[in-house]
Enquirer: 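Structure incoming, see below.
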2 protein chains.
Amino acid sequence: MRAATTEEIKQTARRILVEQGPEAVSLRAIAREMGMTAPALYRYFTSREDLIRNVVGDIFNELSGDIGLAIGRASQSGEDITAKLIAACREFRRWSFSHQGEFGLIFGSPLPGVDDGRGDFADECGRRFAGVFFALFYELWRRSPFPVRAPEEIDPGLRAQLERFRTVIGADLPLGAILAFLRCWTKLYGAVSMEVFGHIGFALDDAAPMFELTLAELAEDVGLVYVPGS
Amino acid sequence: MRAATTEEIKQTARRILVEQGPEAVSLRAIAREMGMTAPALYRYFTSREDLIRNVVGDIFNELSGDIGLAIGRASQSGEDITAKLIAACREFRRWSFSHQGEFGLIFGSPLPGVDDGRGDFADECGRRFAGVFFALFYELWRRSPFPVRAPEEIDPGLRAQLERFRTVIGADLPLGAILAFLRCWTKLYGAVSMEVFGHIGFALDDAAPMFELTLAELAEDVGLVYVPGS
DNA sequence: TGTAATCAGTTTACGTCATTTACTAAAGTT
DNA sequence: AACTTTAGTAAATGACGTAAACTGATTACA
């Protein structure tokens, strides 16, 4: 009787998530699939919640990896930072679409209540994911800085928060650039989640062309130019 | 023994949703709260899903009403369309924050699978909600049209979808304006859901000042001017 | 007025869920 | 050989959605 591993358990959970949707991910189903009984899983995770959070972490890592690969591919054909940013954003959308269950799990409403940022594995992976985009953004800023809001022009309350965030991540960017990053991320997240969650379906069947417009706008926001036909 | 009404049942579900979170909304809990047993609820709704969808519809209606009221209040102090739009967007954010459980229910990930837009009560209310914003947008366009993309400049695939959507809602706006509306709604939804779902918490504690910047950008998108200190 | 139908529930039951507790068999350690 | 640890099972608890059968009251009609 070979002992199971946390890795196998998480993979099984992932498979059930993908094949049968989020609500099918029960301890019983996972255990059944592995030829075990549900309580055995408590040897590896303290609760279902704990297991799920670890799966969330894995998903974040996979997403980070996929986007990293897309950036890598874009790098091969020249050192164009615009191409890399576009590739990263497009890959984010593509991944989200082909992994809707996972997307809902990591970017949907955090049901368990007010527990965001409690420093667990999933949060750490989430931050690493943010880091993928931030690294790209940082590279862009170094290579070709674009006009941003001056610190004095930023609302004092917001400025203080941005300063703290900048300290936490240890970046030497102007506050306006940090702000631009957060605003871009918000736009990207909004466009993708709106689409993946089906909330734009009342008007559009295929929002891909509109996403291209979002990309163009994001590019413009950071001083780049992107014309929606690649 | 007074008979219960669907209205009472939905209200009870709402109360439990607000007081104890989304996962506490069980048929048993609702029935318990009403001094009944769970199977009795099947006299009024065909399933839990059916009940929830009806609650979702009510929530949409309430949100529509609240935003309508906010627009009404903004109308009292002059006929400024900018003030009304800002008030509507601000009320949307305020409501979403003070009704996080409800927000998650109507704007979160549609767990049951691929069933969006199947024409039930909830969908109808969702469209009515969209109509509140659209009416405002339409008023804006009539009063002071702003430059929009010409039809020939819109991706053909997107153009076709926009034409169909325009026919469905029976509006006589240029396609570019419809597109602008959808893009504004996407931005607004993105900013609010990002914040309410706690996904901006890794950087900011209070995203209110950043939302003001979003408002300024939205205003600019439709040819208006909004300066973030009211 | 008597009887049948309908309404608004209850009771019971089934299978599922997460989780706890107590137990067991094997493997490793001293 | 005696022990501890590991990795599981079995059984139980209390919650869940849902289906079926049943019950008592109210209403409709002859």
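In what follows, chains are A, B, ... by sequence order, proteins preceding strands, each numbered from 1.
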Enquirer: Round to a whole Å and report the spacing from CD1 of B:I30 to C1' of D:dA15.
Expert: 15 Å
Enquirer: Report the C-alpha distance between A:S26 and A:R48 in whole Å, list the side-chain angles of each, state the deciding distance to 0.1 Å, and finish with yes or no for side chain to side chain donor-acceptor pair (under 3.5 Å).
Expert: CA-CA 8 Å; A:S26 68; A:R48 181 190 124 103; over 6 Å; no
Enquirer: Which nucleotide sits closest to the side chain of A:L27: D:dC16, C:dG9, C:dA18?
Expert: C:dA18
Enquirer: Write down the distance between CG (B:L51) and C1' (D:dG17), rounded to a whole number of angstrom.
Expert: 12 Å
Enquirer: Could you walk me through whether A:W95 and A:F107 pass the ring-ring contact (aromatic ring centres under 6.0 Å, His included) test, one step at a time?
Expert: CA-CA 13 Å; A:W95 186 95; A:F107 290 119; 7.8 Å; no
Enquirer: Using a 4.0 Å heavy-atom cut-off across all strands, classify A:R28 as base, sugar-phosphate, or nothing.
Expert: base
Enquirer: Counting side-chain heavy atoms from CB outward, which of D:dA19, C:dG9, D:dT9 is closest to B:P39?
Expert: D:dA19
Enquirer: Tell me: OH of A:Y42 to C1' of D:dT6, nearest whole Å?
Expert: 19 Å
Enquirer: How long is the span from the CG atom in A:L105 to the CD1 atom in A:I59, to the nearest 0.5 Å?
Expert: 5.0 Å
Enquirer: Counting side-chain heavy atoms from C-beta on, which of C:dT19, D:dC16, C:dG9 comes nearest to B:M36?
Expert: C:dG9
Enquirer: NA contact type, A:F45, heavy-atom cut-off 4.0 Å: base, sugar-phosphate, or nothing?
Expert: nothing
Enquirer: Looking at B:R14, B:R128, B:K10, B:R53, which hits salt bridge (Lys or Arg N to Asp or Glu O under 4.0 Å) with B:D58?
Expert: B:K10
Enquirer: Any salt bridge between A:R127 and A:E124, counting N to O under 4.0 Å?
Expert: no
Enquirer: In whole Å, I'd like the distance from the CD atom of A:Q20 to the C1' atom of C:dT16.
Expert: 14 Å
Enquirer: In whole angstrom, what separates A:R48's CZ from D:dA15's P?
Expert: 19 Å
Enquirer: Does OP1 or OP2 of C:dG9 have a side-chain N or O of B:Y44 closer than 4.0 Å?
Expert: yes
Enquirer: Rounded to whole angstroms, how far apart are CD1 on A:I52 and P on C:dA18?
Expert: 9 Å
Enquirer: Heavy atoms from C-beta onward define the side chain here; which of D:dG17, C:dT10, C:dT19 lies closest to that of B:T37?
Expert: C:dT10
Enquirer: Are B:R32 and D:dC16 close enough that a side-chain N or O sits under 4.0 Å from OP1 or OP2?
Expert: yes
Enquirer: Can you tell me which nucleotide in C:dG9, C:dA18, D:dC16 comes closest to the side chain of B:R43?
Expert: C:dG9
